[in-house]
2 protein chains.
Amino acid sequence: MIKHSKQRDAIIARLSGRTDHPTAETLYQEVKKELPNISMGTVYRNLKQLASLDKILIVRSPFGPDRYDPIPNQHPHFFCTNCFAVLDLDVDKNKILATGQEGFKGEIQGCISSYHGLCPDCLEKLKIKN
Amino acid sequence: MIKHSKQRDAIIARLSGRTDHPTAETLYQEVKKELPNISMGTVYRNLKQLASLDKILIVRSPFGPDRYDPIPNQHPHFFCTNCFAVLDLDVDKNKILATGQEGFKGEIQGCISSYHGLCPDCLEKLKIKN
DNA sequence: TATGATAACAGTAATCGTTACTATTATCAG
DNA sequence: CTGATAATAGTAACGATTACTGTTATCATA
Ligand SMILES: [Mn+2]
Ligand SMILES: [Mn+2]
Ligand SMILES: [Zn+2]
Ligand SMILES: [Zn+2]
């Protein structure tokens, strides 16, 4: 049985609507302003619980700690190798899933596709420099 | 300047030709039989060096520690959620890359796509049971 | 509205995979 | 051979995450 908690509320409030895929540490620092003695454990525990209830998504980064996403269904991400921004990619996931299925004898239940390179901002800045 | 070492030789020898994507720990245990006082640090250091020289590939697993692959170029993998096997998927990577590029203003330099579910063996065993 | 069961908490210790340090040894160009 | 230094074994430290523990908050039931 799940009980209400203001700590969890604050975590959800901080995460929802965002598109920047913050880390647990970032969320912790931000929620701490509102609830000064919340602990890291509480942040991790709740993020994990929310993910297991499919309320949020944990996005594993190839370049650092996990990022958290208010959009609960799996979707492709782009990781900027320059500024470490994590962006949503508007990609047809089913297309990628289908590609994987070709000739595979097992049962594919999902796929996680991540792209990396320079984000639009970093690419633009680099172009101006040269 | 790179110097020869029998530890590195042994690590390469153990890894090359394999398709099971062993962990550093697995390679360490195996190489230890040949070189009883090799240390974990040596294994990690050499695997990292080999990867940076594009001799091998580090495969980040969503379900545990990194796996190591004698095939140096990035390619899609399948992770079995039941037996934790890591399999190579015969997928056109360029197709996936192209999918990501649609409408993205940045510069995509690469993509890592991983699939998960039941490997052929586990699916077969499950079918027999039911 | 009290009571009791227990989910959730804060604080802290522990874990895991990996990397860094340090003194010693092995390799190899000159 | 010899000196410079890459690589080593052993061990400490690291960052991210999870587990533990005693306390507090929530909430169904009476
Ligand atoms: Mn996202
Ligand atoms: Mn592979
Ligand atoms: Zn960027
Ligand atoms: Zn399997």
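Note on naming: letters A, B, ... go to the chains in the order of the sequence lines (proteins, then strands), and numbering restarts at 1 for each one.
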Among B/His77, B/His21, B/Arg67, the one residue meeting side chain to side chain contact (heavy atoms under 4.5 Å, CB included) with B/Leu57: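 Between B/Leu57 and the candidates, side chain to side chain contact (heavy atoms under 4.5 Å, CB included) is satisfied uniquely by B/His77.
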
Per-nucleotide protein contact string for nucleotides 21-30 of chain C (B base, S sugar-phosphate only, - none; heavy atom under 4.0 Å): ------BSS-

Which ones in [range] lie close to DNA chain C, meaning a heavy atom under 4.0 Å from one of its atoms?
range                     : result
residues 51-75 of chain B : B/Pro65, B/Asp66
residues 24-43 of chain A : A/Asn37, A/Ile38, A/Ser39, A/Thr42
residues 78-88 of chain A : none

Distance test, side-chain N/O of A/Gln49 to OP1/OP2 of C/dA7, below 4.0 Å: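 For A/Gln49, the contact criterion (side-chain N or O under 4.0 Å from OP1 or OP2 of C/dA7) is not met.
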
Side chain to side chain contact (heavy atoms under 4.5 Å, CB included) between A/Val59 and A/Tyr68, worked out: CA-CA 6 Å; A/Val59 179; A/Tyr68 295 86; over 6 Å; no

Under 4.5 Å between side-chain heavy atoms, counting indirect links through other Ile/Leu/Val/Met/Phe/Trp/Tyr residues: same cluster for [X] and [Y] or not?
X        : Y       : result
A/Ile112 : B/Leu89 : no
A/Ile56  : A/Ile71 : no
B/Tyr115 : B/Phe79 : no
A/Leu15  : A/Ile38 : yes

Residue pairs involving residues 106-126 of chain B (criterion salt bridge (charged side-chain N to carboxylate O under 4.0 Å, His left out); sequence neighbours excluded):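 Listed once each, the pairs would be none.
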
So which residues get pulled into [X]'s cluster when ILVMFWY side chains under 4.5 Å apart are joined, directly or through others?
X        : answer
B/Met1   : none
B/Ile2   : B/Leu53
A/Leu118 : A/Leu123, A/Leu126

More than 12 heavy atoms from other groups under 6.0 Å of CG on A/Asp90: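 For A/Asp90, atom CG is not crowded (no more than 12 foreign heavy atoms under 6.0 Å).
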
Ring geometry between A/Phe63 and A/His116 (parallel below 30°, tilted from 30 to 60°, perpendicular above 60°):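 If you compare the ring of A/His116 with that of A/Phe63, the planes turn out perpendicular.
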
Chi angles and distances behind the side chain to side chain contact (heavy atoms under 4.5 Å, CB included) call for A/Phe104, B/Leu87: CA-CA 10 Å; A/Phe104 183 68; B/Leu87 308 178; 4.2 Å; yes

Helical bend (five base pairs per end, nearest 10°) for the helix from C/dT1-D/dA30 to C/dG30-D/dC1: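 That helix has its two terminal axes inclined by roughly 30°.
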
Spacing of B/Lys48 atom NZ relative to C/dT18 atom P, expressed in whole Å: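 Between P of C/dT18 and NZ of B/Lys48: 11 Å.
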
Full working for side chain to side chain contact (heavy atoms under 4.5 Å, CB included) between B/Leu47 and B/Ile58: CA-CA 8 Å; B/Leu47 288 172; B/Ile58 301 177; 5.9 Å; no

Distance-only check: which donor-acceptor pairs under 3.5 Å involve side-chain atoms of residues 27-37 of chain B, not counting sequence neighbours?
{"unit_1": "B/Gln29", "atom_1": "NE2", "unit_2": "B/Glu25", "atom_2": "OE2", "d": "2.7"}
{"unit_1": "B/Glu30", "atom_1": "OE1", "unit_2": "B/Arg18", "atom_2": "NH1", "d": "2.7"}
{"unit_1": "B/Glu30", "atom_1": "OE2", "unit_2": "B/Arg18", "atom_2": "NH2", "d": "3.4"}

Whether A/Thr81 side chain and A/Gly117 backbone form a donor-acceptor pair below 3.5 Å: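 Here the side-chain-to-backbone pair exists.
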
Opening and closing nucleotides of DNA chain D in contact with chain B, under 4.0 Å to non-hydrogen atoms: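 Range of nucleotides within reach of chain B: D/dA4 to D/dG10.
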
Residue pairs involving residues 44-58 of chain A (criterion side chain to side chain donor-acceptor pair (under 3.5 Å); sequence neighbours excluded):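 Qualifying pairs: A/Arg8-A/Asn46, A/Arg8-A/Gln49, A/Thr42-A/Arg45.
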
